Each structure stands twice: as C-alpha cells, then as structure tokens.
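Here is the structure we will look at.
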Amino acid sequence: MRDHDQPPEILGIPAADAAAVTALYRAFNTGDTVLLDKVLAPDWQDIPLAPHQQPGRDGLKPLINEFRAAFPDMRIQVLEIIGVPGRAAIRAVITGTHTGAWFGVAPTGKPFRIPIHEFHHLQNGTVTHTWHLEDWFGWLFQVGAWPAVKQEITP
C-alpha cells in the first residue's frame, strides 16, 4: 500500500502533461488561481459543471475560493496519474474539515476524506477537458448531513 504522503505515482504521460495536471490540484490546495491561467485552456471544459459554475477556466476560480472558504484546510492528495500522451487519469483523495457552508449544509466542524477520480485531455501541456467524479454522497454521510433529518410540518 502506498504512503499517502509520497508524491503521486506517474505512469505513461510526458512530464509537461504531469506538470499541468499537478498544478491544477495545487491551485485547489493553495488557493492560487493564477496557476489556472498557466495550465488550463481558456475554454477548458469541466464536465459536469457545479450547479452555479460558469464555463471555462475563469469559471473555476470562484469555485476554488468557495472550496477554500468551506474547507480552509482542504487538501487534494494525488495518488496516481496514469495515461498516455494527451490523456491522464487521476486517482486522488480530498481531505479537510467542514468549517463553512457547502451544498447548503451549515458548518459541522467534522473532518472528511472522499475519493476523487478524474480524466483529463491535454494538448501541448495544457488541460483542455476534465471529467470528474467526487464522492459527495460519502461527504454528506461523514459530516452528519445524511440521512436527512425528517422535519415535521405543522399546519
């Protein structure tokens, strides 16, 4: 089993592609959205968009700030990057503490750890498309927001 404090295992992709992908996650970890201008195409496609997210790399910047506000200690740990030139698959985990509102859930102060899997298309060391899947249902369970508490409605 890999030590989660080690750098990611990188297999099959050029160094420029690996650098672009890891910089994307570094932007989340540090809040440095200027990194996005260097590694994402201006018309980068994030699939699916968050409910209120605007398209393109500029649409991701406010979302990163929202992540940092809800989870100031958030960290995305990339465990593996596997691919071929122009394509990269990522296995990672997101950890943090829920100290700000997220998905309409008031801060709980609870820590969480959820898996994330992403697939990126790259061209000339720039990410052009990202398909992602995070376990937000698991997050709801870990912070105590699921199962939802049934509220009595009085007439």
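Quick caveat: nothing in here was measured; it's all calculated off a predicted structure. Every heavy atom of this structure was used, including side-chain atoms; hydrogens, water molecules and symmetry mates were not.
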Going through the distances and angles, do Thr128 and Leu122 end up as a side chain to side chain contact (heavy atoms under 4.5 Å, CB included)? CA-CA 5 Å; Thr128 62; Leu122 299 105; over 6 Å; no
Could you tell me how the ring of Trp139 sits relative to the ring of Phe71: parallel (under 30°), tilted (30 to 60°) or perpendicular (over 60°)? perpendicular
Please report the shortest heavy-atom distance between [X] and [Y], naming the atom on each side.
X: Pro85; Y: Pro14; result: CA-CD, 3.7 Å
X: Ala88; Y: Ile81; result: CB-CG2, 4.1 Å
X: Ala69; Y: Thr99; result: O-OG1, 4.4 Å
X: Gly59; Y: Gln53; result: O-CG, 3.5 Å

What do the steps show when you test Tyr25 against Ile90 for side chain to side chain contact (heavy atoms under 4.5 Å, CB included), and what is the final call? CA-CA 11 Å; Tyr25 299 104; Ile90 308 299; 3.4 Å; yes
When rounded to the nearest 0.5 angstrom, what distance separates OG1 in Thr95 from CD in Gln77? 8.0 Å
Distance in Å, Leu40 CG paired with Asp46 CG, rounded so as to fall on 0.5 Å steps: 9.0 Å
Could you check whether any side-chain heavy atom of [X] comes within less than 4.5 Å of a side-chain heavy atom of [Y], counting everything from C-beta outward?
X: Leu79; Y: Val93; answer: yes
X: Ile94; Y: Phe28; answer: no
X: Val84; Y: Ile13; answer: no
X: Pro115; Y: Arg91; answer: no

Verdict with reasoning, Gln142 to Ile114, per side chain to side chain contact (heavy atoms under 4.5 Å, CB included): CA-CA 9 Å; Gln142 289 177 50; Ile114 61 171; 3.6 Å; yes
In residues 103-112, what donor-acceptor pairs under 3.5 Å come from side-chain atoms, sequence neighbours left out?
{"unit_1": "Thr108", "atom_1": "OG1", "unit_2": "His98", "atom_2": "ND1", "d": "3.0"}
{"unit_1": "Thr108", "atom_1": "OG1", "unit_2": "Lys110", "atom_2": "N", "d": "3.2"}

Is [Y] reachable from [X] through a run of I, L, V, M, F, W or Y residues, each pair having side-chain heavy atoms under 4.5 Å apart?
X: Phe67; Y: Leu140; value: yes
X: Val143; Y: Trp136; value: yes
X: Leu35; Y: Met74; value: no
X: Ile47; Y: Ile116; value: no

Got a sec, which residues hit side-chain contact (heavy atoms from CB on, under 4.5 Å) with [X], two or more places apart in sequence or on another chain?
X: Thr33; value: Leu36, Lys61, Ile64, Asn65
X: Asn29; value: Arg75, Ile76
X: Ala23; value: Arg26, Val39

Please, which pairs that meet salt bridge (charged side-chain N to carboxylate O under 4.0 Å, His left out) have at least one residue in residues 117-146, sequence neighbours excluded? none
Salt bridge (charged side-chain N to carboxylate O under 4.0 Å, His left out) pairs touching residues 65-74, sequence neighbours excluded, are none
Set of side chain to side chain donor-acceptor pair (under 3.5 Å) partners for [X], sequence neighbours left out:
X: Trp44; result: Thr130
X: Asn124; result: none
X: Arg87; result: His121
X: Gln54; result: none

Other than Ile82, which residues form its hydrophobic cluster under the rule that side-chain heavy atoms must be closer than 4.5 Å? Leu11
Sub-3.5 Å donor-acceptor pair from the side chain of [X] to the main-chain atoms of [Y], do we have one?
X: Gln45; Y: Gly56; result: no
X: Asp32; Y: Ala27; result: no
X: His120; Y: Trp131; result: no

Applying salt bridge (Lys or Arg N to Asp or Glu O under 4.0 Å), name anything that partners Arg57, two or more places apart in sequence or on another chain. Asp37
